[in-house]
Asker: 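Structure below; questions to follow.
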Amino acid sequence: MDFKEEVVKLLKFRVKNPQIEIPPIGMGDYAFPCFSLAKELKKSPNEISKDIINKIKPNKYIEKIVSAGPYVNFFINKEILTQDILKKILKEKDKFGSVNEGKNKKIVIDMSSPNIAKPFGIGHLRSTIIGNSLSKIYTKLGYKTIKINYLGDWGTQFGKLIVGYKKWGNASLLKENPIKHLLELYIKANDKEYEPDARDWFKKLEQGDKEALKLWKLFKELSIKEFNKIYKILGIKFEVISGESFYNKKMDETIKKLKNKHLLKESEGALVVNLEDYNLGVCLIQKSDGTTLYATRDITAAIDRNNKYKFNKMLYEVGSEQKLHFQQFFKVLELMGYSWYKDCIHVSHGLYLDKEGKKFATRKGNIVYMEEILKETIDIAKKTIEKKNPKLKNKDEAARKVAIAAIFFGDLKNNRVHDIVFDIEKFIDFEGNTGPYIQYTYARASSILRKAGKKNSFSVKELNEKEILLINKLNIFNEIIISAARQNSPAIIANYTYELAQLFNEFYHSCPVLKSDNEWFRLALVQATRQVIKNGLNLLGIDVLEEM
RNA sequence: GGGCCCGUAGCGCAGCCUGGAUAGCGCAUCUGCCUUCUAAGCAGAGGGUCGCGGGUUCAAAUCCCGUCGGGCCCGCCA
């Protein structure tokens with residue numbers, strides 16, 4: 001039942017495409033502001049509003065129509081809405097909110113992308129969890145999504161690393177704590193003094209030198225092993241694990257294509273694509289020593305992915321500091337004649353900044369280790385559980401889920417584009433506008449349902465204010481998902497889910513369910529709300545708990 | 001120097017795309033509520049020139065221009 005459409009129909013006699021809005025709480029369900037008609041009708045909006053209500057009559061779906069100053073406010077039939085929406089949710093369950101706009105369409109999401117031989121830092125967290133959530137959101141809309149973890153496993157840094165390892169490397173330290181050791185070597189070797197050596201080794205690596213390759217492979221394997229520990233805790237899986245190195249052998253082909261299109265220009269010994277006509281500077285394709293750069297690799301990867309997946313959209317979930325890079329290489333794709341360049345989108349996010357408000361810099365050893373953050377947050381979650389619900393089963397798994405909810409939600413509730421100052425205190429906050437608050441709400445709802453007897457069919461009687469607010473909120477879940485997808489913004493889901501939980505807690509507090517007069521109806525409402533909270537959290541990559 | 005992004009209560013944010021009716025929420029502070037469905041909760045109080053200045057509009061936190069403050073980027077890193 002589309003109530004808004006009913007309102008539009010009622011107004012048709014006066015306006016073809018009336019702009020309908022949602023009035024403040026308590027003033028109705030839909031509103032039509034009359035300002036826009038004032039000039040044409042040469043009357044005040046207040047008069048127009050009065051005229052309109054005299055000309056239209058309430059019907060089965062629109063119960064009441066009132067004039068409120070310059071607005072016409074519509075009150076819909078809540079019983080019909082309630083029946084409709086509760087039945088739908090209880091029938092569709094986990095699928096509620098699904099749409100099939102994305103049928104037979106593919107979306108590639110380039111995300112996470114930690115750098116080999118460096119710790120998984122807080123910087124990669126955003127890309128990982130935003131990408132993961134977007135994947136779930138698009139899947140809900142019927143798209144097939146392919147999450148690609150595009151590892152930073154190629155580049156001059158490996159020259160530095162090899163130099164460092166050859167100079168100070170220690171096999172047993174490497175085995176013991178590979179990332180820590182490699183990071184030390186990297187920081188040590190990250191000195192002007194070793195630059196020529198490092199370049200040399202990277203060149204050898206690109207040319208397939210056996211020793212260089214062997215070390216590189218070792219570093220890569222050890223790193224992936226470490227990363228997988230983190231992904232397991234986060235509960236995130238990828239359809240494809242790839243890396244920049246994957247395209248090493250195809251790079252020549254890209255350069256050849258660029259040459260054929262007459263896009264390449266030599267400049268100070270390097271090969272560049274000049275984008276100054278587009279205000280995008282120059283895109284460096286090949287260094288003067290003949291080795292490649294990430295733009296080359298990204299271009300190559302994009303072409304390959306388009307061939308392989310025939311995607312409808314490719315999202316790059318990467319920090320905003322790389323904005324220019326993406327603008328440049330999308331432009332190069334366009335100039336190369338690939339019309340699908342416009343399906344490539346840089347879904348940028350703000351940075352995690354340190355306490356001074358500056359970017360974290362691995363080179364300077366200024367890093368926050370994801371592994372430690374996870375451990376600390378899970379520890380605090382465990383302690384909280386011990387305190388609040390000592391009898392809970394599977395405390396370790398519950399602690400993990402609560403911690404992940406805190407971290408994921410704490411990030412996803414923010415608008416993507418904002419920078420976030422990293423503060424561990426925020427991760428271990430479980431009260432108020434947090435993931436655990438929502439999980440707790442779910443657990444409360446579950447608890448009611450466990451204690452309820454047999455559920456029967458319900459009939460909708462007079463609804464109180466709290467019930468109406470809940471119903472209205474449940475009713476917009478579909479729109480919320482679509483809006484989140486349009487804006488590539490999990491924050492929209494996060495904030496919706498929080499507000500829904502808030503409304504449920506208010507209802508929970510003021511409306512007894514079990515043994516109440518309309519127990520069956522309220523049970524259905526609890527069940528439906530619980531379901532939508534679950535669906536919302538799942539879109540964020542957060543698990544629910546039946547008890548906590 | 002050029003480009004992009006951000007600026008809403010003490011702090012952290014939502015709302016801005018798609019302009020409308022008293023600008024929402026959380027933390028912190030103060031006050032109530034656990035013999036009834038989990039107090040990780042609920043109710044209430046205080047706290048705002050929506051950075052600043054112009055413009056567009058019947059109407060601006062929202063759109064446009066300028067300005068200040070912060071962040072990021074600007075060829076051989078990714």
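Naming convention: chains lettered A, B, ... in sequence-line order (proteins, then strands); numbering from 1 in each chain.
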Asker: Just do the salt bridge (charged side-chain N to carboxylate O under 4.0 Å, His left out) check on K50(A) and E47(A) with the steps written out, would you?
Answerer: CA-CA 5 Å; K50(A) 275 177 195 138; E47(A) 284 177 90; over 6 Å; no
Asker: Would you please confirm or rule out a distance under 4.0 Å between OP1 or OP2 of rU38(B) and any side-chain N or O of S447(A)?
Answerer: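 The answer is yes; a side-chain N or O of S447(A) sits under 4.0 Å from OP1 or OP2.
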Asker: Just how far, in rounded Å, is C1' of rC11(B) from CG of D419(A)?
Answerer: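 Interatomic distance, CG of D419(A) to C1' of rC11(B): 17 Å.
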Asker: Classify the nucleic acid contact of E244(A) as base, sugar-phosphate or nothing, counting any heavy atom under 4.0 Å across all strands shown.
Answerer: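 Sugar-phosphate contact only.
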Asker: Roughly how far apart, to the nearest Å, are rC68(B) and rC58(B) at atom P?
Answerer: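 Roughly 32 Å separates the two P atoms.
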Asker: Check every strand shown and say whether E268(A) touches a base, only sugar-phosphate, or nothing at a heavy-atom separation below 4.0 Å.
Answerer: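 Base contact - E268(A) has a heavy atom under 4.0 Å of at least one base atom.
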Asker: For rG51(B) and rC13(B), measure between their P atoms and round to the nearest Å.
Answerer: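 Between the two P atoms, the distance is 14 Å.
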Asker: Indicate, with a heavy-atom threshold strictly under 4.0 Å, whether K515(A) touches base, sugar-phosphate, or nothing.
Answerer: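 Nothing: the residue K515(A), judged by heavy atoms under 4.0 Å, touches no strand.
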Asker: Compare every heavy atom of T377(A) with every heavy atom of I373(A), then report the nearest pair and how far apart it is.
Answerer: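 Heavy atoms only, the tightest pair is O-OG1, 2.7 Å.
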Asker: Any ion pair linking R14(A) and D51(A) (charged N to carboxylate O, less than 4.0 Å)?
Answerer: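 The answer is no: the pair does not qualify as a salt bridge.
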Asker: Think K39(A) has a side-chain N or O under 4.0 angstrom from the OP1 or OP2 of rC58(B)?
Answerer: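 Yes.
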Asker: Hey, does A31(A) reach any base, or is it just sugar-phosphate, or nothing, if we go heavy atoms under 4.0 Å?
Answerer: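 If one applies the 4.0 Å heavy-atom cut-off, A31(A) turns out to touch a base.
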Asker: For rA78(B), does the base pair up with any side-chain atom of D153(A) as donor and acceptor (N or O, under 3.5 Å, distance only)?
Answerer: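 In this structure, the two groups form no donor-acceptor pair.
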Asker: OP1 or OP2 of rC42(B) versus the side-chain N and O atoms of Y437(A): is any pair under 4.0 Å?
Answerer: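 Affirmative; the distance criterion is met.
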Asker: How would you label the contact of E499(A) with the nucleic acid (heavy atoms, under 4.0 Å): base, sugar-phosphate, or nothing?
Answerer: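 No contact.
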Asker: For nucleotides rC25(B) and rA14(B), find the distance between their C1' atoms and express it as a whole number of Å.
Answerer: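 Approximately 7 Å lies between the C1' atom of rC25(B) and that of rA14(B).
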Asker: Just N and O in the side chain of K359(A): are any of them under 4.0 Å from OP1 or OP2 of rC73(B)?
Answerer: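 Result: yes.
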Asker: How far does the P atom of rC72(B) sit from the matching atom of rA28(B), given to the nearest Å?
Answerer: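 These two P atoms come out 30 Å apart once rounded.
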Asker: Under 4.0 angstrom, heavy atoms only, what part of the nucleic acid is G357(A) near: base, sugar-phosphate, or nothing?
Answerer: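 If one applies the 4.0 Å heavy-atom cut-off, G357(A) turns out to touch the sugar-phosphate alone, with no base involved.
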Asker: Nearest whole angstrom, please: distance from the P of rA78(B) to the OH of Y150(A).
Answerer: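 From Y150(A) OH to rA78(B) P: 11 Å.
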Asker: Please state whether the base of rC76(B) and the side chain of S288(A) form at least one donor-acceptor pair under 3.5 Å?
Answerer: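 A donor-acceptor contact between them is present.
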Asker: So, is K388(A) near the phosphate of rA40(B), with a side-chain N or O under 4.0 Å from OP1 or OP2?
Answerer: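 For rA40(B), OP1/OP2 do have a side-chain N/O of K388(A) under 4.0 Å.
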Asker: Under 4.0 Å between a side-chain N/O of K391(A) and OP1 or OP2 of rU38(B), yes or no?
Answerer: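 The answer is no; no side-chain N or O of K391(A) sits under 4.0 Å from OP1 or OP2.
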Asker: Please give the distance between the P atoms of rC30(B) and rU67(B) as a whole number of Å.
Answerer: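 Their P atoms lie roughly 46 Å apart.
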Asker: Mind checking if P45(A) touches a base, just sugar-phosphate, or nothing, with heavy atoms under 4.0 Å?
Answerer: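 No contact.
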Asker: In whole Å, I'd like the distance from the OH atom of Y294(A) to the P atom of rC73(B).
Answerer: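 Going from Y294(A) (OH) to rC73(B) (P), I get 10 Å.
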Asker: Does S320(A) place a side-chain N or O at less than 4.0 Å from the phosphate oxygens OP1/OP2 of rC5(B)?
Answerer: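 Answer is no, no contact under 4.0 Å.
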Asker: Is the Y437(A) to Y498(A) ring centre distance short of 6.0 Å?
Answerer: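 They qualify: ring centres under 6.0 Å apart.
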Asker: Heavy atoms only, 4.0 Å cut-off, all strands: where does Q487(A) land among base, sugar-phosphate and nothing?
Answerer: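 Answer is base: heavy atoms of Q487(A) come under 4.0 Å of a base.
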Asker: Can you see if the side chain of H418(A) gets near the phosphate of rA14(B) - specifically, an N or O under 4.0 Å from OP1 or OP2?
Answerer: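 Yes, because at least one side-chain N or O of H418(A) sits under 4.0 Å from OP1 or OP2 of rA14(B).
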Asker: Under 4.0 Å between a Lys/Arg side-chain N and an Asp/Glu carboxylate O for D289(A) and K203(A)?
Answerer: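 Result for this pair is no, no salt bridge flagged.
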Asker: When you compare rU56(B) with rA61(B), how far apart are their P atoms, in angstrom units rounded to a whole number?
Answerer: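 Here rU56(B) and rA61(B) have their P atoms 16 Å from each other.
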Asker: Figure out the CG/C1' separation between N415(A) and rC50(B), and round it to whole Å.
Answerer: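 It works out to 16 Å between those atoms.
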Asker: Q322(A) near the nucleic acid: base, sugar-phosphate alone, or nothing, with a heavy-atom cut-off under 4.0 Å?
Answerer: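 Base: the residue Q322(A), judged by heavy atoms under 4.0 Å, touches a nucleobase.
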Asker: Determine the Euclidean distance between corresponding P atoms of rU62(B) and rG70(B); express it in Å to zero decimal places.
Answerer: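 23 Å, rounded to whole Å.
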Asker: OP1 or OP2 of rC77(B) sitting under 4.0 Å from any side-chain N/O of K287(A)?
Answerer: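 Yes, K287(A) has a side-chain N/O under 4.0 Å of OP1/OP2 on rC77(B).
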Asker: Rounded to the nearest Å, what distance is computed from the CG atom of residue N414(A) to the P atom of nucleotide rG7(B)?
Answerer: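 The distance from CG of N414(A) to P of rG7(B) comes to 12 Å, rounded to the nearest Å.
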Asker: State whether E546(A) and R530(A) are salt-bridged, where the test is any N-O pair (Lys NZ or Arg NE/NH1/NH2 against Asp/Glu carboxylate O) under 4.0 Å.
Answerer: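 Between R530(A) and E546(A) there is a salt bridge, with a charged N closer than 4.0 Å to a carboxylate O.
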Asker: Verify the ring-centre separation between Y316(A) and F330(A): is it less than 6.0 angstrom?
Answerer: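 Yes - the distance between ring centres of F330(A) and Y316(A) falls below the 6.0 Å cut-off.
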Asker: Does the side chain of R444(A) get closer than 4.0 angstrom to OP1 or OP2 of rG41(B) through an N or O atom?
Answerer: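 The answer is no; no side-chain N or O of R444(A) sits under 4.0 Å from OP1 or OP2.
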Asker: Rounding to the closest angstrom, what is the interatomic distance between rG46(B) and rG55(B) at atom C1'?
Answerer: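 Pairwise C1' distance, rG46(B) against rG55(B), rounds to 37 Å.
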Asker: Hey, is the side chain of Y440(A) pairing donor to acceptor with the base of rA40(B) inside 3.5 Å?
Answerer: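 Such a pair does not exist between side chain and base.
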Asker: Does rC34(B) sit syn or anti, given that only angles within 90° of 0 count as syn?
Answerer: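 Syn for rC34(B); the angle stays within 90° of 0.
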Asker: R486(A) near the nucleic acid: base, sugar-phosphate alone, or nothing, with a heavy-atom cut-off under 4.0 Å?
Answerer: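 Nothing, no nucleic acid heavy atom in range.
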Asker: Give a yes or no on whether a salt bridge exists between R522(A) and E467(A), defined as a side-chain N under 4.0 angstrom from a carboxylate O.
Answerer: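 Here R522(A) pairs with E467(A) in a salt bridge, since their nearest N and O are under 4.0 Å apart.
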Asker: Roughly, in whole Å, what's the span from CD in E431(A) to C1' in rA39(B)?
Answerer: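 That distance rounds to 10 Å.
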Asker: For I385(A) and rU38(B), give me the distance from atom CD1 to atom P, rounded to whole Å.
Answerer: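 So the CD1-P distance, I385(A) to rU38(B), works out to 17 Å.
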